[in-house]
Structure formats: C-alpha cells, structure tokens
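Single-structure report; data block below.
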Amino acid sequence: MTTTRTTPRAGHRQVLELFGEQPLRLESGETLGPITIAHESWGQPDAARSNGVLLLHGFSGDSHAAGPAGPGHPTRGWWDGLIGPGRAIDTDRFFVVCPNVLGGCQGSTGPGSPAPDGRPWGSRFPSLTIRDQVAAEVAFSGRLKIRRWQAVIGGSMGGMRAMEWAIAHPGRLERLVLLATTARCSARTNDVHRSQIDAIQQDPAFLGGDYDDHPGGGPRTGLARARAIARLTYGGLDDGSGFLERFDANSYIVLTQAMAGHDVGRGRGGVAAALARISVPASVASVSSDRLFPPHSQRELARAIAGPVRFTSIDSHHGHDGFLAEQNQLAPILRQALA
C-alpha cells in the first residue's frame with residue numbers, strides 16, 4: 001500500500017503550485033517541479049500589496065504560526081501570542097505569511113509527496129540547499145504578487161533562509177529579523193547533525209528511504225533517537241511523541257542536510273563579505289542558553305551586517321527553543337523591528 005505524508009489542505013493551510021511549466025533548477029543541477037508550497041496567512045494585503053511580512057519557520061516548525069489546534073494542527077500556532085490584531089506582529093497593519101519549507105512534510109513538496117510516477121519520492125527526492133528553498137520562496141512571493149516584503153523574519157533554520165533573502169534578494173525586503181540562527185554551522189554542530197541522520201538510516205524500518213510503500217509506519221525508532229540527540233543541543237521544549245506523528249523521517253534528513261551544508265559565504269568571498277552585503281536595517285537576537293547556535297554566532301552576524309543592526313540577548317533556560325518559548329521577551333524585539 002502506498003501512502004503519502006503530506007496533508008495539503010488540512011487545517012488552515014492553503015497551497016500554491018509552482019514551477020509547473022519550467023521546473024526549479026537546484027544547486028545540485030537536478031530539477032524539481034511542479035512543486036507545492038503550503039502556507040497560512042493572517043491579516044489582509046493592502047491595495048498595493050506592500051504590507052507583507054514573511055515569516056520563516058525553524059526546523060521542526062511549519063506554516064501554523066498562529067491559531068488554534070484543530071484538524072491538521074495538533075497544537076496552537078508556535079508564535080500564537082505574537083501574531084494578531086494589536087500584537088507584536090500586528091495583523092491590523094500587516095499581511096503575515098508563513099510558508100512551509102520546501103522539503104518539509106506539512107503540505108509543501110517533500111520526500112513524502114507524490115513523484116511524477118504517483119509514488120512517494122522517498123529515496124529519489126533530490127538533495128536541497130537553503131538557497132534552493134529560498135528560490136522556491138521567491139517564486140512563491142511572486143505568485144502572491146508581493147514584490148517587496150516589509151520584513152523577513154526567521155528563527156533557527158528560518159533565520160538561515162532570511163539571511164539568504166537579504167543577501168541574494170536585497171531589493172525584495174525592507175527589514176530583516178534574525179533569531180537564534182547562524183551564518184554557517186560549526187563542525188561540532190554538524191557532527192550532531194550526522195549522528196541524527198545515522199540514527200534514522202540505521203533503523204531497519206528505514207528501508208533505504210522507501211518505507212512509504214511498506215506497512216509499519218517507517219523508521220519511528222530511528223526518528224525518535226534522532227530527535228533525542230537533537231534535544232541535547234536544543235534543550236527546552238519537549239514535543240514528545242507528537243513530533244513522531246507529524247514529521248517524516250526523510251524530510252528530517254533532507255532538512256538536516258540543508259542546514260548542515262549551509263554557509264552564507266560560499267561563493268561570496270567568505271562569511272564576512274557575504275554579511276556585508278546586507279544593507280537593510282536588521283534586528284538580531286540570541287538566546288542565552290542556546291547550545292545549538294550559541295550567542296557568539298549571533299554576535300558574529302551583528303558585527304558583520306553592513307546595515308543598521310540592533311542586537312538583543314534573550315534570557316532563557318529553554319535553550320535554543322527560547323526563540324519559541326520566550327514570547328514576552330520577543331514581543332518588544334518584534335515591535336521595535338516593525339515600527
């Protein structure tokens with residue numbers, strides 16, 4: 001029996017299809033298309049479609065940044081307290097859009113999606129880079145007829161994508177907000193990434209990545225082990241068994257490899273030279289107890305970005321997940337960034 005793990009119209013998600021006539025050319029040289037990008041939005045676009053805020057989720061997040069739990073959404077939105085009328089990201093002012101990342105498993109095209117032959121991509125899904133994901137997001141923005149975002153906001157993996165927006169597409173955003181992120185992963189962090197991938201691939205139920213064609217639910221034990229390894233560096237919030245129910249193991253691998261391979265300085269003369277291309281006003285925030293991307297990573301960003309920069313440290317015992325948990329501290333940071 002063939003199953004797919006995408007749920008493109010569950011809950012409040014909407015889906016756009018892109019690259020139907022001409023596929024997306026990936027950095028690897030492979031192509032991918034057509035693709036779907038699932039997304040949610042809050043507020044309304046103004047007549048000129050000039051009030052958009054692009055919100056880019058972290059590794060374990062998805063498009064459900066705000067709103068109640070319900071079908072397709074086992075929990076309230078991950079920034080539910082920050083998005084809405086009169087809140088830090090004020091939907092009376094802004095049209096807020098959160099797309100699910102390419103390669104994910106919550107409605108956007110990923111390894112669990114049907115390939116052109118109708119079967120899940122599985123092991124055949126191409127490798128992706130952060131820059132590939134941003135290329136898909138740029139095309140997605142074009143379909144929304146948003147030429148320039150008022151702000152691009154990203155935390156963790158979303159911050160990597162936000163940086164790429166500011167470096168590669170500087171004319172497409174007014175402001176930049178980077179939270180608990182890094183310009184490139186350290187060797188130590190990538191050792192942890194490799195351990196997580198090994199844990200999944202060594203599970204006998206992984207079946208070389210083609211487990212969707214077989215009963216049994218795939219490599220749940222390996223995925224649980226990978227998440228446990230990740231929590232050693234993430235700290236903080238515990239998403240427990242719910243994570244196993246909503247996350248696909250192949251997507252876990254694809255997204256982990258994209259993060260591990262990311263370096264904003266690649267082909268741009270190094271990290272400092274790449275960050276010096278960012279000229280828009282930027283807000284950068286670190287989390288005091290972050291062991292995945294420690295505060296010195298964000299200080300490096302703040303020092304190297306050419307445009308006006310405001311740096312803030314969030315005091316938290318939640319580790320890396322402080323950029324999700326500490327919404328009372330995040331609110332003034334976001335209000336100031338969007339003022």
Side-chain angles (χ1 to χ4, degrees), residues 5 56-62 64-65 69 73-80 100-101 103-106 110-111 130 154-161 178-182 184-203 205-206 217-262 285-298 313-327 329-330:
R5 296 179 182 273
L56 303 179
H57 66 77
F59 178 86
S60 61
D62 57 30
H64 192 54
H73 308 303
T75 62
R76 296 191 70 85
W78 45 269
W79 263 9
D80 189 59
N100 182 225
V101 70
C105 50
Q106 293 294 317
I130 295 292
S156 190
M157 183 185 74
M160 294 179 176
R161 286 145 55 209
L178 304 174
L179 308 166
T181 192
T182 187
R184 61 183 172 191
C185 290
S186 68
R188 174 184 173 279
T189 297
N190 280 342
D191 285 342
V192 177
H193 285 150
R194 281 190 289 272
S195 295
Q196 294 173 60
I197 292 171
D198 287 346
I200 294 171
Q201 293 179 334
Q202 290 171 9
D203 186 330
F206 181 63
R220 290 176 58 87
T221 299
L223 183 58
R225 288 175 178 167
R227 194 60 178 165
I229 293 168
R231 302 235 57 87
L232 295 176
T233 55
Y234 277 35
L237 306 178
D238 182 11
D239 44 20
S241 61
F243 181 83
L244 302 183
E245 300 302 326
R246 67 181 177 83
F247 221 88
D248 175 53
N250 276 323
S251 281
Y252 198 106
I253 292 172
V254 167
L255 299 184
T256 299
Q257 289 175 333
M259 289 177 64
H262 185 58
S286 64
V287 178
S288 60
S289 55
D290 192 346
R291 288 179 288 171
L292 180 67
F293 302 142
H296 69 78
S297 298
Q298 293 83 53
S313 178
I314 296 169
D315 184 26
S316 177
H317 67 275
H318 286 293
H320 182 67
D321 284 342
F323 86 95
L324 298 171
E326 304 294 349
Q327 295 190 18
Q329 295 185 62
L330 284 162

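There is a side-chain donor-acceptor pair under 3.5 Å between E326 and S316. Remark: the H318 side chain and the S289 side chain contain no N/O donor-acceptor pair separated by less than 3.5 Å.
When all heavy atoms of V287 and P295 are compared, the closest pair comes out as O-CG, 3.4 Å. The minimum heavy-atom distance linking W78 with Q327 is given by the pair O-NE2, 3.1 Å. The minimum heavy-atom distance between G103 and S251, with the atom names listed, is O-OG, 2.8 Å. Between I200 and A249, the closest heavy-atom pair is CG2-CB, 3.9 Å. Annotation for H64 and T75: closest pair CD2-O, 3.4 Å, computed over non-hydrogen atoms. Taking each heavy atom of C185 and T182 in turn, the nearest pair found is N-CG2, 4.2 Å.
Taking 4.0 Å as the cut-off between side-chain N and carboxylate O, D191 and R194 count as a salt-bridged pair. A salt bridge links D321 to R231: one of the charged nitrogens lies within less than 4.0 Å of a carboxylate oxygen.
Residues W79 and L330 are in side-chain contact: their nearest non-hydrogen atoms beyond the backbone lie under 4.5 Å apart. L223 has its side chain within reach of F243: a pair of non-hydrogen atoms, C-beta onward, lies under 4.5 Å apart. In this structure, the side chains of R291 and H320 stay at 4.5 Å or more apart for every pair of heavy atoms. Annotation: side chain of R184 is not in contact with side chain of H262 (no heavy-atom distance under 4.5 Å). Taking 4.5 Å as the limit, some side-chain heavy atom of V101 sits within range of a side-chain heavy atom of R161. Contact check for R246 versus S60: side-chain heavy atoms found under the 4.5 Å cut-off. Annotation: side chain of V254 is in contact with side chain of P111 (closest heavy-atom distance under 4.5 Å). Taking the side chain as every heavy atom from C-beta outward, Q201 and Q196 never approach each other to under 4.5 Å.
With rounding to the nearest 0.5 Å, the separation of OG in S288 from NE2 in H317 is 10.0 Å. Once rounded to the nearest 0.5 Å, the distance linking CG of N100 with CG of L56 reads 11.5 Å. I253 CD1 to H193 NE2: the interatomic distance, rounded to the nearest 0.5 Å, is 13.0 Å. Rounding to the nearest 0.5 Å gives a distance of 12.0 Å between OG of S286 and CG of L178. The line from CD1 of I314 to CG of D290 is 10.0 Å long, rounded to the nearest 0.5 Å. Here the OG-CD distance, from S195 to Q202, works out to 9.5 Å after rounding to the nearest 0.5 Å.
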| message | As a quick check of understanding, evaluate side-chain contact (heavy atoms from CB on, under 4.5 Å) for T189 and F293, giving each step before the final call. | response | CA-CA 8 Å; T189 297; F293 302 142; 4.2 Å; yes

| request: May I have the step-by-step check of side-chain contact (heavy atoms from CB on, under 4.5 Å) for R220 and D203, ending in yes or no? | output: CA-CA 8 Å; R220 290 176 58 87; D203 186 330; 5.7 Å; no

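Without hydrogens or angle criteria, D62 side chain to Q106 main chain gives no donor-acceptor distance under 3.5 Å. At distances below 3.5 Å, at least one donor-acceptor pair connects side-chain atoms of T181 with backbone N or O atoms of M160.
Between F247 and F59, the ring planes are parallel. Angles under 30° get that label, and only those over 60° would be called perpendicular.
Atom CZ of R76 sits in a crowded spot, with more than 12 heavy atoms from other residues, nucleotides or ligands closer than 6.0 Å.
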